K.L.:
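After the structure tokens below, expect a handful of questions from me.
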Amino acid sequence: IFCESDAIPTYTVCNGFSNQLLGHAAFIANAIEAGISMIGIPDTFIVNCVRMEIDDKTSLKNVFANKDNSIAISSVLDANELLKMIRKHGNDGCFVPHDMIVSFEQPTECSWLKRLQMADNTLEMEILDVMKPSASLSTVVDFAFSKLLYHVNSSNSTLSDGICLHHRDSPDWHEHC
């Protein structure tokens, strides 16, 4: 599933969870539509994306992957399913290893939103649909969910009594919405 050692990623990954998934979908969809034969998917997932600094435009500065704030996305995503979907469209793909991604010079532009607007929505949704948790992450999620349900059931509560999982709520998210 990994690219050759001299591979260059087709795009960059930036910012929070939603931005990253939508960015992957947008860039991969654009690459499929453009007929790129080998899509170099950055094997990175930013897990610590605290956006506090303001850039010169009064927006929050973008956060890019580095060795301290990211892990390999192939460790949390079912990478083979994503590659299978790409191949179904006549393209091929590989993951540019995390160590390589974080060793590159930090990008300056985070253009996932422009790419999202350019790509075919149906294709983007198809890509998002195959972005499922890896087997190891599914085990963790299932365990955590079963503990939540146990707590709800043992306290005579219902799910509507207060279990809430939500996205990060910050000014940059409000700006996108």
Side-chain angles (χ1 to χ4, degrees), residues 1-51 53 55-56 59-141 168 172 176:
I1 68 170
F2 293 101
C3 303
E4 299 294 324
S5 61
D6 61 347
I8 297 175
T10 306
Y11 57 94
T12 59
V13 175
C14 57
N15 299 333
F17 178 71
S18 298
N19 290 181
Q20 291 177 68
L21 291 183
L22 291 171
H24 278 293
F27 281 105
I28 292 169
N30 276 271
I32 289 171
E33 291 174 317
I36 294 175
S37 59
M38 179 57 75
I39 302 168
I41 303 165
D43 190 19
T44 188
F45 179 66
I46 302 168
V47 294
N48 183 12
C49 179
V50 178
R51 296 178 69 191
E53 293 181 52
D55 69 11
D56 58 349
S59 295
L60 292 173
K61 279 190 176 179
N62 292 311
V63 173
F64 297 96
N66 62 50
K67 66 180 181 171
D68 296 324
N69 73 357
S70 65
I71 60 173
I73 195 168
S74 60
S75 68
V76 294
L77 180 85
D78 188 340
N80 287 315
E81 283 301 309
L82 179 57
L83 293 176
K84 188 186 311 179
M85 180 266 160
I86 291 169
R87 290 178 185 124
K88 182 182 95 174
H89 286 275
N91 307 70
D92 202 354
C94 60
F95 285 85
V96 180
H98 181 259
D99 290 343
M100 287 177 62
I101 297 295
V102 297
S103 69
F104 292 137
E105 184 176 329
Q106 287 288 300
T108 57
E109 188 177 344
C110 179
S111 60
W112 70 269
L113 190 54
K114 285 186 251 177
R115 293 297 182 134
L116 188 68
Q117 294 165 339
M118 292 169 45
D120 176 73
N121 292 338
T122 304
L123 184 54
E124 289 168 335
M125 290 304 297
E126 184 181 350
I127 295 164
L128 288 169
D129 283 344
V130 299
M131 289 184 165
K132 305 289 186 211
S134 64
S136 59
L137 181 59
S138 290
T139 301
V140 172
V141 170
R168 183 177 53 86
D172 63 311
H176 287 309

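Quick caveat: nothing in here was measured; it's all calculated off a predicted structure. Keep in mind that the numbers below use all heavy atoms, side chains included, and drop hydrogens, waters and symmetry copies. One-based numbering along the sequence shown.
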K.L.:
List the steps, then state whether side chain to side chain contact (heavy atoms under 4.5 Å, CB included) holds for H24 with M131.
P.N.:
CA-CA 10 Å; H24 278 293; M131 289 184 165; 3.3 Å; yes
K.L.:
Distance-only, no hydrogens or angles: does the E33 side chain make a donor-acceptor pair with backbone N or O of D120 under 3.5 Å?
P.N.:
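Such a contact is found between E33 side chain and D120 backbone.
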K.L.:
According to side-chain hydrogen bond (donor to acceptor under 3.5 Å, both in side chains), does anything in residues 70-80 pair up with another residue at least two apart or in another chain? List the pairs.
P.N.:
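Counting only pairs at least two positions apart or across chains, the side-chain hydrogen bond (donor to acceptor under 3.5 Å, both in side chains) contacts touching residues 70-80 are D43-S74, T44-S70, S70-H98.
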K.L.:
Could you walk me through whether L83 and I41 pass the side chain to side chain contact (heavy atoms under 4.5 Å, CB included) check?
P.N.:
CA-CA 10 Å; L83 293 176; I41 303 165; 4.0 Å; yes
K.L.:
Among I39, V130, I73, exactly one meets side chain to side chain contact (heavy atoms under 4.5 Å, CB included) together with L82. Which residue is that?
P.N.:
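Checked I39, V130, I73 against L82; only one passes side chain to side chain contact (heavy atoms under 4.5 Å, CB included): V130.
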K.L.:
With sequence neighbours excluded, what pairs up with E124 under the salt bridge (Lys or Arg N to Asp or Glu O under 4.0 Å) test?
P.N.:
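Listed in chain order: nothing, the list is empty.
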K.L.:
Locate the shortest heavy-atom distance separating M100 from S5; write the atom from each residue and the value.
P.N.:
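So the two residues come closest at CE-O, 3.1 Å.
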K.L.:
Quick one: ring-ring contact (aromatic ring centres under 6.0 Å, His included) partners of F27, sequence neighbours excluded?
P.N.:
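If we apply the ring-ring contact (aromatic ring centres under 6.0 Å, His included) test to F27, skipping adjacent residues, the hits are Y11.
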K.L.:
Check the pair N48 / D68 against side chain to side chain contact (heavy atoms under 4.5 Å, CB included), numbers first and verdict last.
P.N.:
CA-CA 8 Å; N48 183 12; D68 296 324; over 6 Å; no
K.L.:
Which distance, rounded to the nearest 0.5 Å, do you find between the CZ of F64 and the CD1 of I46?
P.N.:
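Going from CZ on F64 over to CD1 on I46, the span is 8.0 Å.
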K.L.:
Determine the minimum heavy-atom distance between N19 and C14, stating which atoms define it.
P.N.:
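So the minimum-distance heavy-atom pair works out to CB-O, 3.7 Å.
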K.L.:
Where do L123 and A29 come nearest, in terms of heavy atoms and distance?
P.N.:
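Taking L123 first and A29 second, the nearest heavy atoms are CD2-O, 3.6 Å.
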K.L.:
Check N66 against V102 and note the closest heavy-atom contact, atom names and distance.
P.N.:
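Residues N66 and V102, closest heavy atoms: C-CG1, 3.4 Å.
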K.L.:
Just by modelled atom types, is the V63 backbone N or O under 3.5 Å from a matching donor or acceptor in the N15 side chain?
P.N.:
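A pair under 3.5 Å: yes.
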K.L.:
When rounded to the nearest 0.5 angstrom, what is the spacing between CD1 in I36 and CD1 in I28?
P.N.:
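Result: 11.0 Å between the selected atoms.
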K.L.:
Begin from the C-alpha positions of E126 and H89 and carry the test side chain to side chain contact (heavy atoms under 4.5 Å, CB included) through to its verdict.
P.N.:
CA-CA 11 Å; E126 184 181 350; H89 286 275; 3.1 Å; yes
K.L.:
The criterion is salt bridge (Lys or Arg N to Asp or Glu O under 4.0 Å); which residues satisfy it with E4, sequence neighbours excluded?
P.N.:
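Once residues adjacent in sequence are excluded, E4 has no partner under the salt bridge (Lys or Arg N to Asp or Glu O under 4.0 Å) criterion.
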K.L.:
Measuring from I101:CD1 to F45:CZ, what's the distance to the nearest 0.5 Å?
P.N.:
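One finds 15.0 Å between CD1 of I101 and CZ of F45.
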K.L.:
With sequence neighbours excluded, tell me which residues meet side-chain hydrogen bond (donor to acceptor under 3.5 Å, both in side chains) with D92.
P.N.:
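side-chain hydrogen bond (donor to acceptor under 3.5 Å, both in side chains) list for D92, sorted by chain: R87.
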K.L.:
Looking only at heavy atoms, which two atoms of S111 and E109 are closest? And how far apart?
P.N.:
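What the structure gives for the nearest pair is CB-OE2, 3.5 Å.
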K.L.:
Over all heavy atoms of both residues, which pair between C3 and G40 is shortest? Give the atoms and the distance, please.
P.N.:
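Here C3 and G40 meet closest at SG-CA, 4.4 Å.
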K.L.:
Please enumerate all residues that pass salt bridge (Lys or Arg N to Asp or Glu O under 4.0 Å) together with K67, with sequence neighbours excluded.
P.N.:
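Checked K67 against salt bridge (Lys or Arg N to Asp or Glu O under 4.0 Å); zero matches.
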